Amino acid sequence: MQEARPIRMLDDHVVNKIAAGEVVDRPASVVKELLENALDAGATQVDIEVVAGGRDAIVITDNGSGMGRDDALLSLERHATSKIRDVQDIEQVATMGFRGEALAAISAVSRFTLRTCRRGDEAGTEINIAGGKILEVREAGPIPGTQMAARNLFFNTPARRKFLRSDATETAHIRQVFLLYALACPEVGLRLVIDRREVHNLPPEDSLEARLKTLYPPHLVADLRPVLLETPLVTVRGYAGLPATARGDRSEQYFFINRRPAAAPVLHYGLSEGYREALPRDRHPVVFLFLELPPETVDVNVHPTKREVRFRHPGAVRDAMIEAVRSAIGASPVSAPLSGCAPATLPLRLAPPPAVVHMESLPMGDAPSSVAPPPGGAFPAPAVAPASVEAAAGASPRVEIPAVGPPAEPARRLPEGGPWKWYRLLGQVGGQYAVLETEDGLVLMDPRAAHERVLYEHFMGQASRQKIASQGLLMPQTFSLAPRDALAVRKHIGLLRESGFGIAEFGGDAFVVDAVPAVFGELPAAAFLADVVQALDQGGGRRTAAELGRDLIAQVAARHAVRRTEAALGREALDRLIGDLAACEMPYTCPHGRPTLLHFGMGELARKFGRS
Ligand code: ADP
Ligand code: MG
């Protein structure tokens with residue numbers, strides 16, 4: 001039995017250390033608190049720098065109001081806040097913070113430096129604290145604004161430190177926080193530097209849309225529809241993704257309540273209801289939704305760090321959500337065709353292909369105007385871009401056989417050095433294979449294989465002109481791989497990094513990728529990794545590692561790009577594809593060795609017809 005000990009009041013800094021656990025559980029929550037403070041201080045520019053997942057350092061610099069010396073000292077005390085005065089204020093709070101706990105908590109579990117100066121003051125203040133103990137207070141330069149630096153986070157709480165995950169994971173959480181506030185405050189310039197590498201430098205914008213454009217790939221932004229609904233209780237604004245944006249998880253759903261990032265089950269419920277007719281149950285749209293409602297009807301004080309809120313009128317909020325998203329996506333021209341012209345450049349432009357090819361826009365030569373074009377033109381294109389060639393084939397039997405054959409096409413010249421001097425495009429078989437007449441007989445072309453070859457040479461050209469450029473991902477992606485693939489990734493991780501992948505182990509068979517080779521452009525990065533690695537594992541050891549990597553990446557990029565663009569091609573696009581293929585170094589096979597062209601020369605045709 002232990003001998004009874006006297007009860008005593010805990011020291012302030014012990015209390016702070018205990019309380020700190022509630023407010024700061026990981027580096028990302030430090031970033032959140034300091035960033036909120038900067039925004040509350042009216043900053044128009046905030047710079048965030050983190051080192052080693054925030055473990056070694058988190059430094060946040062703002063150009064906000066700054067503090068005088070007395071306020072600076074007071075701000076570090078627990079329950080010291082300038083944002084509310086009494087209980088009634090909590091109901092009306094319009095700032096991000098109001099508990100007055102963050103600075104006390106963060107400075108209790110780190111080596112903390114606060115530097116701050118009000119505009120117009122002759123000198124600023126610098127305070128150094130370690131583990132909650134003030135070490136030094138002195139004058140600092142008169143730079144208006146505030147800089148807060150938390151170093152050696154949890155140095156005095158080893159248990160908490162042990163619970164931190166890998167740098168990559170902690171960094172991923174920090175990026176998530178950054179993203180949330182970047183969306184919440186488009187008018188604030190935000191910079192994020194991770195391990196001395198600038199990951200984002202977002203200029204101040206005058207709209208959410210502008211900010212979305214700097215954060216998300218154009219094809220995603222193009223699939224967003226504006227949301228605006230005003231009811232007496234709540235206003236819902238923002239953007240809702242068309243069904244095409246849907247994903248298997250809810251990770252791209254952002255809700256803000258009175259500008260604070262927030263979550264509430266009723267919001268998710270309203271959202272799924274709003275999309276019920278548009279999406280299967282297990283698919284989730286991308287949304288960025290901002291709800292504004294009177295502060296006294298929202299309880300944000302549920303938990304210090306949890307984003308979860310409660311509504312006084314949840315039913316009304318839910319109904320507003322449903323109506324808001326329904327009218328946003330319902331009114332959208334989901335399958336409205338672009339104008340009749342083919343995409344300006346064949347590959348890489350991932351915009352949907354023209355749904356209908358207008359005859360007038362085709363190079364018809366001297367076609368007699370009395371010939372009625374078959375529905376959809378000589379090259380029937382389904383109204384909605386099909387997901388695959390198979391789908392395209394499935395959609396074409398609707399085409400009626402024209403009573404009069406399509407007019408003869410003019411022959412087209414091919415550049416020097418191509419497989420033939422000229423060709424005449426006769427039509428397509430099964431909605432897929434192009435049929436060509438050339439000076440040397442009949443040629444069938446598989447547009448998909450051809451496209452892959454063209455893209456492959458394009459990507460290879462890019463890769464050889466420059467050292468493989470890497471492009472940071474906004475949201476690092478983690479994925480678990482099958483054990484075999486994971487093994488292969490580990491084996492080739494050096495080569496992957498040389499080739500532009502920012503990749504790190506994530507525990508178990510999981511990996512986190514925060515950058516991809518730039519040739520991948522806007523393609524979904526996650527899909528590639530397994531493919532690249534499988535290809536790497538099969539690719540022999542004949543060529544140098546760098547060559548091999550470059551080649552494989554180009555192959556995989558080409559394959560995925562084709563998957564994204566493939567759809568029935570109009571005549572113009574086919575003509576362009578034929579020209580591009582003829583200009584390729586190796587036009588006869590796709591990068592994986594399948595044929596792009598089948599050739600039946602005049603000699604062969606004669607033999608087959610028993611003419612020779
Ligand atoms: P809260 O944000 O809940 O008020 P904090 O502990 O985060 O509590 O901050 C305490 C106080 O310090 C704030 O109320 C604010 O007056 C002041 N403060 C904190 N950060 C800044 C900053 N970046 N610029 C100006 N004042 C700040
Ligand atoms: Mg705060």
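As the structure is a computational prediction, the values presented were derived from the model and not from experiment. Both ligands and their constituent atoms are indexed starting at 1 by order of listing.
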Test of understanding: with salt bridge (charged side-chain N to carboxylate O under 4.0 Å, His left out), list the residues that count as partners of Glu77, not counting sequence neighbours. none

Counting only heavy atoms closer than 4.0 Å, does ligand 1 sit against the backbone of Ala43, its side chain, both, or neither? neither

Kindly confirm or rule out an N or O of Asn37 lying under 3.5 angstrom from an N or O of ligand 1. yes

Salt bridge or not between Arg115 and Glu126? Use side-chain N to carboxylate O under 4.0 Å. yes

Test the Arg111-Phe155 pair against the cation-pi criterion, namely NZ or CZ under 6.0 angstrom from the six-membered ring centroid and within 45° of the ring axis. yes

Salt-bridge present (Arg196, Glu49; N to O < 4.0 Å): yes

Parallel, tilted or perpendicular: which fits the ring planes of Phe256 and Phe290, with parallel below 30° and perpendicular above 60°? parallel

Kindly identify the option in Met67, Glu77, Arg118 whose heavy atom sits closest to atom 27 (C) of ligand 1. Met67

Are any of the N or O atoms of Ala41 closer than 3.5 Å to those of ligand 1? no

At a 4.0 Å threshold, what atoms of ligand 1 neighbour a non-hydrogen atom of Ser65? 25 (C)

Tell me which pairs pass salt bridge (Lys or Arg N to Asp or Glu O under 4.0 Å) where either residue lies in residues 202-211, with sequence neighbours left out. Glu209-Lys213

Does Gly64 have a non-hydrogen atom less than 4.0 Å from ligand 1? no

Give yes or no for whether the N/O distance cutoff of 3.5 Å, strictly under, is met between Asp62 and ligand 1. yes

For Leu135, is there any backbone N or O sitting under 3.5 Å from a side-chain donor or acceptor partner on Asn128? no

Non-hydrogen atoms of Glu33 versus ligand 1: any pair closer than 4.0 Å? no

Backbone or side chain, does any N or O of Met148 fall under 3.5 Å from an N or O of ligand 1? no

Enumerate the atoms of ligand 1 whose separation from the nearest heavy atom of Glu101 is less than 4.0 angstrom. 6 (O), 8 (O)

Candidates Ala105, Gly145, Ser75; heavy atom nearest atom 12 (O) of ligand 1 found on Ser75

For ligand 1, does Thr146 get within less than 4.0 Å through its side chain, its backbone, both, or neither, judged by non-hydrogen atoms? side chain

Looking at Leu153, is its backbone amide N or carbonyl O close enough to the side chain of Arg161 to form a donor-acceptor pair, meaning the two atoms are under 3.5 Å apart? yes

